[in-house]
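It should be emphasised that the depicted structure is a prediction, and the values quoted were computed from it without experimental measurement. Per chain, numbering begins at 1; letters A, B, ... match sequence-line order. Because only heavy atoms are used, hydrogens play no part in the values below, and waters and symmetry mates are left out as well, while side chains stay in.
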Protein chains: 2
Amino acid sequence: MFELDLRSRKPVYEQLAEKIIELIVCNVLKPDQQLPSVRVLSGELTINPNTIQKAYRELEHRGYIYSLPGKGSFVRPREAGDNSARINNLKAQLSKVLSEMVYLGVPRDELISTIENLLSRAEGGNIDD
Amino acid sequence: MFELDLRSRKPVYEQLAEKIIELIVCNVLKPDQQLPSVRVLSGELTINPNTIQKAYRELEHRGYIYSLPGKGSFVRPREAGDNSARINNLKAQLSKVLSEMVYLGVPRDELISTIENLLSRAEGGNIDD
DNA sequence: TAACCGTACTAGTATACATAGTACAGTTGA
DNA sequence: TCAACTGTACTATGTATACTAGTACGGTTA
């Protein structure tokens, strides 16, 4: 379910957290859906349980999941709160990426159509792969 | 000229490299313009020269600058080569960012207009701040 | 009660970052 | 020629973090 690169410079727990965020954001993992337990996922990925727990802790701290001792960890439904901080962060990332693509000579038309496609998929909800 | 966060989890040399890329991409640093020497920048930022050199080595390896022993380091003019690998990487980043913004409830109209603004600025070349 | 769940520790190892110091070769202008 | 600059290449050291291993505790559920 999750593909990790143990040789990467990026920490494993961080790779895992980003993978899960991706699945949540793309609605592959539905709200209140239960995630694999720390120990089960540890066995599947042949990774230490502590590393999985660290990823889950990170995800809970960032508001993507919630954990109930004795029950499990679940996808946290998105709430309409103050996401302005995170949105501003994303805008900054967007600015960097777009600037670099323009710098590398990607035509504006191609860029716009790419973005349109990505938005349609994102708004459609599911992404099947 | 460069603002770094020494307490950040992200390595200093990486922060510096990204800052310089940003300035190159936004045309603040012009092609063939000389960068501060390793020792001078080391003094200004109160950072070890080796750390600066590591950033410069990284930038040279990624094709953003070129270094001439005895002369200095300079912004490398962009060449129309095969940037497809880097562009695909940027598209993947773009996909993630857009998905997350949609997930956080940013309206499509607002998103499009934001992108239009960013593109205009990027294509305009200079960004003054 | 047994088997699962999240959580919280300690301890050890490996790796990467950053610093300090030294050294060498090429370039440049006085 | 010489001094002052440039990039580059080392060694050594201290530190922070990632990851693993192992153990333990309390809550939940069939």
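- Between B/Leu35 atom CG and D/dC5 atom C1' the separation is 16 Å, expressed in whole Å.
- One hydrophobic cluster, built from ILVMFWY side chains closer than 4.5 Å, holds both A/Leu118 and B/Ile87.
- Of the two residues near DNA chain D, B/Arg9 and B/Lys71, the one whose nearest nucleotide lies more 5' is B/Lys71.
- Following rounding to the nearest Å, A/Leu6 (CG) and D/dC19 (P) show an atom-to-atom distance of 9 Å.
- Figure legend: A/Arg76 and A/Tyr64 shown without cation-pi pairing, the cationic atom not lying both under 6.0 angstrom from the six-membered ring centre and within 45 degrees of its axis.
- The CG atom of A/Leu41 sits 16 Å away from the P atom of C/dC4 (whole-angstrom rounding).
- Look at B/Tyr13 and you'll find a side-chain N or O under 4.0 angstrom from OP1 or OP2 of C/dC17.
- Using a 4.0 Å cut-off between charged nitrogen and carboxylate oxygen, B/Glu44 and B/Arg39 do not count as a salt-bridge pair.
- Distance CD1 (B/Ile52) to P (D/dC5): 18 Å, rounded to an integer number of Å.
- Here A/Glu60 lies in heavy-atom contact (under 4.0 Å) with sugar-phosphate atoms only.
- OP1 or OP2 of C/dG6 lies within a sub-4.0 Å distance of a side-chain N or O belonging to A/Ser73.
- Across D/dT8, C/dG6, D/dA21, the shortest atom-to-atom separation from the side chain of A/Pro69 is found for C/dG6.
- Among the nucleotides C/dC5, C/dA20, D/dA18, the one closest to the side chain of A/Arg39 is C/dC5.
- A donor-acceptor distance shorter than 3.5 angstrom exists from the side chain of A/Gln33 to the backbone of A/Lys30, with no hydrogens or angles considered.
- Judged by distance alone with a 3.5 Å cut-off, a donor-acceptor contact links the side chain of A/Asn50 to the base of D/dG22.
- The side chain of B/Lys54 has C/dC17 as its nearest neighbour among C/dC17, D/dA21, D/dT8.
- For B/Ser37, the listed nucleotide lying nearest its side chain is D/dT6; candidates were D/dT6, C/dT19, C/dT27.
- Checked against D/dC19, D/dT20, C/dA18, the side chain of B/Thr51 finds its nearest nucleotide in C/dA18.
- Here the side chain of A/Pro11 is nearest to one of D/dA18, C/dT7, C/dA18, namely D/dA18.
- Among D/dA9, D/dG7, D/dA21, the nucleotide with an atom closest to any side-chain atom of B/Val38 is D/dG7.
- Distance, A/Arg7 CZ to C/dA16 P: 13 Å, rounded to whole Å.
- C/dT7 atom P lies 16 Å from atom CG of A/Asn48, rounded to whole Å.
- Ion pairing of B/Glu110 with A/Lys91 is present here, as a side-chain N (NZ or NE/NH1/NH2) and a carboxylate O approach within less than 4.0 Å.
- Using a 3.5 Å distance cut-off with no hydrogens or angles, the side chains of A/Tyr13 and A/Asn48 do not pair a donor with an acceptor.
- Contacts of B/Gln34 with the nucleic acid, taken as non-hydrogen atoms under 4.0 Å apart, are absent.
- In this structure, CZ of B/Arg57 is placed 7 Å from P of D/dA9, rounded to the nearest angstrom.
- Note: CG (A/Leu59) to P (C/dG6) measures 13 Å, nearest angstrom.
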